[in-house]
Amino acid sequence: MKLSFSADDEAFRAEISGWMADNLTGDFASLKNRGGPGDEHAFFEERRAWERHMGKAGWTGVGWPKAAGGRGAPLSHQVIFYEEYARAGGPGRVGHIGEGLAGPTIVAFGSEDQKRRFLPGILSGDDLWCQGYSEPNAGSDLANVRTRARLVGDRWVIDGQKVWTSLAHVSDWCFVIARTEEGSSGHKGLSYLLVPMKQKGITVRPIQQMTGTSEFNEVFFDGAETAAENIVGKPGEGWKVAMGTLAFERGASTLGQQMAFRNQLDEIIAIAKANGRAKDPVMRQRLAEAWIGLQIMRANALRMLSQAEKPELPREAYVSKLYWATWHRDLGKLAMDVLGPEADVFPGEPGTYELTALQQLFLFTRSDTIYAGTNEIQRNIIAERALGMPREARA
Amino acid sequence: MKLSFSADDEAFRAEISGWMADNLTGDFASLKNRGGPGDEHAFFEERRAWERHMGKAGWTGVGWPKAAGGRGAPLSHQVIFYEEYARAGGPGRVGHIGEGLAGPTIVAFGSEDQKRRFLPGILSGDDLWCQGYSEPNAGSDLANVRTRARLVGDRWVIDGQKVWTSLAHVSDWCFVIARTEEGSSGHKGLSYLLVPMKQKGITVRPIQQMTGTSEFNEVFFDGAETAAENIVGKPGEGWKVAMGTLAFERGASTLGQQMAFRNQLDEIIAIAKANGRAKDPVMRQRLAEAWIGLQIMRANALRMLSQAEKPELPREAYVSKLYWATWHRDLGKLAMDVLGPEADVFPGEPGTYELTALQQLFLFTRSDTIYAGTNEIQRNIIAERALGMPREARA
Amino acid sequence: MNFAFTEDQDLIQDAARGWLGEFAGPAHARKVMATAEGYDRALWAEAVALGWTGLIVPEDQGGLGLGFVELAILMEEMGRALYPSPFEATVVLAANALMALGTPRYLEAIAGGGITATLAAGNATGKITAAPTEGGFRLDGMLRHVPDGARADLLLVAADLDGRTALFAIEGDVAGLSRTGLATMDQIRRPAELRFDTVHLPAEALIAADAGRGLALALDRAAVVLAAFAVGAAERCLEMTVDYTKERVQFGRPVASFQAVKHQCADMALAVETSRSAAYWAACVADDSGHNGDGTALALAASGAKSWCARSYFDCAAAAIQLHGGVGFTWEYDVHLYFKNARALEAVLGDGTCHRERVARLIGLDDAAEAAQ
Amino acid sequence: MNFAFTEDQDLIQDAARGWLGEFAGPAHARKVMATAEGYDRALWAEAVALGWTGLIVPEDQGGLGLGFVELAILMEEMGRALYPSPFEATVVLAANALMALGTPRYLEAIAGGGITATLAAGNATGKITAAPTEGGFRLDGMLRHVPDGARADLLLVAADLDGRTALFAIEGDVAGLSRTGLATMDQIRRPAELRFDTVHLPAEALIAADAGRGLALALDRAAVVLAAFAVGAAERCLEMTVDYTKERVQFGRPVASFQAVKHQCADMALAVETSRSAAYWAACVADDSGHNGDGTALALAASGAKSWCARSYFDCAAAAIQLHGGVGFTWEYDVHLYFKNARALEAVLGDGTCHRERVARLIGLDDAAEAAQ
């Protein structure tokens, strides 16, 4: 057990931080620290160009196997890559769903043909992906998926609705969990389909959030089509493949997310020092607690990643979503409390609604404890799967 | 709506506080502030004499109707009585289960004959009562009661076991919920029996608590008997009568309990001032929060009592157990944190176990959130009965 | 001692709940919150006609002469409805302050609905300095977070005058005064910034030369009434959550049947009921204190109630979002309106930390320790 | 960078868990906790034979030469078992301090089990003053809460010597020194009071004349290792709770099937796992810091881990009592042993508030603010 980095690691750190310093400049300079959660609408086209720029330089797919076109970087390099990217203020990646979820799923479960067709577009930044899991009446529970797909000739024909689909309006492809076996229920009879988004059978409707902006969308499938071969795994294996996707969420990119959290905490601390709240002993306790909590989040992630080879999901992985979501939500409240009466104010006229970054943080983090499994669902999962307690009764 | 007291109220206050000052003296002086929860073993015989002394002076049954032998005091007088009693350091009442639960139940549901036979002994302090509700496998749920009673000739014959029975080893009578209908289940087929404790069919075994002392007991009924007429209500009405008893827990005596809490908080504040923790801004927040919380507890109790005439239990009554239990438990922890490293130490040799009053408070308050309906059960009750949410599935 | 509403108080509550529920609920808030003015003048005129602006104003100034319990009842219902209006600034702050200072000025106009008003004193940040001039005073300085500061007809402004706190009345706009509404995350309240750049006022603008104690009393009473607002709003968050979770089905069951959901609702109920007890405890103390009490009992009750109720409101609004799941996070559902308002309310008239610190001082934590234990 | 145990570390953990589970669990604690000595000498001799007292002692002093990660592993298992022994005082405090000061003295005796020892420095309350005398030193003063202070063979005592912190070694009893064990609610730890009333020590009793920095390093490392103890104990509380609630039937269902119970257990699991991450993060920093680092990284990690893990332990023990229901409150069930120990551990080596305040200072909250935002 060792937390420090080797000389080779440090050389790699110099490489990526140097590249970021040299490249996040010029036209790209305005992208610094933009485009994260709650800010996904910002500078979209410029960020797409940035994604392509990274792809050209070989900085996409850092953790992917070399055979899949990635760098095949060891864990320590992946950690360093994501941390340095975020430390440098690297913008929110428009390709992150493809790089982090769709790509690894195709690598793990896809056919050779699918790998050839889909992976290069992800790595180059040309193809953007979105995720079609949640439904209005399925919430966090894939077993309740109602979206149906029927094989008609050589095409899957898809009807149904997905919600909370980030980036749907700009994506080229969506991976969709649909029910392909008539009359099936629960985890059975689901399939994992790759569906082109730019077609007339698909309508994307943005959801206006409490922030006033719209990161999330509803996606309506009304006779949407995809080719018969665009299925990952066999028909009926959708649950298995989807569970694999969820496992990829344990990737090293979480360290980048945490570095972004660190940037937010640093901003809050700077404000506290400037407005004098840093002298308030009660506020000092909260700021220190947040700082400690973030260090622990990093340690917890490194523990989890260091055991990624083990077949069983370790307990620190089970608790990580609940932990970071709650920590981050509390950080949003802390930001407001540090700002005091000024927390409510943003530049602009009354009646306009253009929030500051910290107000976005405060409001947007309320979704952290809801999407991708609410805190309640996460506690169920921890109790049932990590602790072996009896499963919740399902009607 | 008015929280202040009238001139008549203040005259009554002078009467009871004068009586306490005149009477809690001499042999009784050592009883001051003794005998509360966690300390029930202290000076038992002397407190029994004190109970009789109070009875002679007409200070038992202050809130009972005059027809039942009580004072029939209005609410404001009851509040004042219990607050002044506790403010004066009046000892834990050995007759409180008779006065607060058994007596009012008999007044409300008992026969005239039962009233004649049982009420005078309660008021005089001669007959002590205990409560036979909880069972090892029923926990907080009366519907799971397994203790059985059969009518054999003119006697009820009782077999089974009760637990968490305070004062069982010194009581003359116990009110017992027993299943009198063979094969019944849930709330049906239960009866409310009055059972003499001093008989060979009853064995009392003290439960040693984490404090090292034993307030609570297990009570074993092995062919125990009581006369056929010692049933309150009809056979099978036990649930209804028991629910009535629980309602009496909303009585003004709760104000006395709160005054005892106030005495404890005052002691903690005095220690904080003496050892310097009162200057610590974080500790000041907690002490202030405790003080505010206690004022709110009093206001909440007065609201509840001011609406005692209403047929429906008001919401402030539903939340009161959860609230005071949690507040009191937190007070115990606060006491330890104010004491700092000294919190752990008591006078005596290592290996002995004679805790200080605040250590007793810390440990004993852990039972507050468990007995008489755990916090979890209380939350169920609030959600289901006060908010009308769906009932918990029962197997 | 009777800590239940009288029949009259029940009637006030029923009437307020009925009218506000019908006309001034969240749908109304959505209509006005995007406007520059921030409230509906026609609806406000109806509220005036109901006598609300005169609720605590003495009868000989055209009011109803009721007390702070009644004002708390009304504000609880306004919180429930989340009604954006000049009521808080005009009645809870301005009329209350004028009464605390014992001056009848403007009370009749306020009671009759002729003017709206606000108070800019310890409830705002910043500072104004006043200096005597020939025939009047000159005011300079800046105040922020003045409720309704940009729209109120009458500004009651506290200023430092020779080391004492004086209160001045400013009717409408005057030269040198700029009033700027602040754009805020919460769209219910309308705070503003006031800049005084050599503002000359006539002598009769001075309402009280030594207003410190009266203003302190008024601000404590305002804190009590805001606590009641929080109670109503928090309870509405609970109701919306219970209603929604009973309807919403997940995993084949109503969400409300899950113990995790029930228990969070139970905790919300506990927060609401203890808050209600806190707010009305404090309102009773406000009524009992009069204008000449020593103020300590009221200070304790006001700080206790404000810190407790504002936190409860925030906790309930936050829990409401969580328990609504995804839709709680949308603009479409009303929960976020309460959530943002709750956050704003926590900071108004002092946050929880400063109120608890005040209680710590008032209960004697700084007094000399007694003889050692 | 590899934040997982090595195979050797896995072996140490397995061996410790096996031996402690078989011989030194709560049943053993119950046997010894009522005795005046407070631990079992025969069992301790076996622990010595396992090499544990030499775990971190360099090989050339007869130890195993392992690091703080390994020590944390061992202490985590001792926490799980709640093993009352001289280990913490002798190894975690005394040997650690001697190593931090770079002196080999006593290390061989400690590693070999010849002596038990303790440290009375910043980990105790009170103060000792030392003055040079002819041929030695004179010590006066009082210290409380010295772990094992009444029973350890060797006392390492910090004293103020001309404004610096010096460390003295006292073997057994000397004239003028009284050592009194304190009776405590927690019966696992054995703190004592040491009174120095004109205690004369020979010159060679001085271990280090300027020990401040070394002792600070040692106390931070001890805090890290105590944090690991808390992890094991907290996890045991969780295990007992899961096991008990699976067995216990209420309302016709295993208690463990209620969501309220499951969710509290999930929160315990979160507390345990984040604590484990915290403790081993800090242990790695302790291993990386050496004896000459600037100490800030270790101070942050130690304060972070100690405050976090001690609170988690208390929270888990408290939840364990609550979820055991009635029996959790009895002397018979083991939960209370952990609960009392958790409370004691919170105060040892600084409570959470003071550790967080230290972190606040170290992360620069007192530094000058940067240019305004």
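Sequence lines set the chain letters: A, B, ... in the order given, protein chains first and strands last, and positions in each chain run from 1. Scope of the values below: all heavy atoms of this structure, side chains included, with no hydrogens, waters or symmetry mates.
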Q) Out of B/Val319, B/Leu287, B/Val79, which one racks up the most heavy-atom pairs below 4.5 Å with chain C? A) B/Val319
Q: Could you tell me which portion of C/Leu362 (side chain, backbone, both or neither) has an atom closer than 4.5 angstrom to a non-hydrogen atom of chain B?
A: neither
Q: Can you tell which part of C/Thr353 gets under 4.5 Å to a heavy atom of chain B, answering side chain, backbone, both or neither?
A: both
(Q) Report which part of C/Asp287 has an atom under 4.5 Å of a heavy atom belonging to chain B: side chain, backbone, both, or neither. (A) neither
Q | C/Asp288 portion near chain B, given a 4.5 angstrom heavy-atom threshold | A | side chain
Q: Could you tell me which portion of B/Asn375 (side chain, backbone, both or neither) has an atom closer than 4.5 angstrom to a non-hydrogen atom of chain C?
A: neither
(Q) Using heavy-atom distances under 4.5 Å, tell me whether B/Gln378 contacts chain C through its side chain, its backbone, both, or neither. (A) neither
Q. Considering residues, nucleotides and ligands other than B/Glu354, do more than 12 of their heavy atoms fall under 6.0 Å from its CD?
A. no
Q: Evaluate the ring planes of B/Tyr323 and C/Trp308, with Trp represented by its six-membered ring, and classify them as parallel (under 30°), tilted (30 to 60°) or perpendicular (over 60°).
A: perpendicular
Q: Sort C/Leu270 into side chain, backbone, both or neither according to what part of it lies under 4.5 angstrom from a heavy atom of chain B.
A: both
Q.
Using heavy-atom distances under 4.5 Å, tell me whether C/Arg276 contacts chain B through its side chain, its backbone, both, or neither.
A. both
Q: Under 4.5 Å heavy-atom distance to chain B, tell me which part of C/Glu357 shows up: side chain, backbone, both or neither.
A: both
Q) Do B/Asp8 and B/His77 come within less than 4.5 Å of each other through their side chains, counting heavy atoms only? A) yes
Q: For C/Ser277 and B/Arg303, test the side chains for any donor-to-acceptor distance below 3.5 angstrom and give the result as yes or no.
A: yes
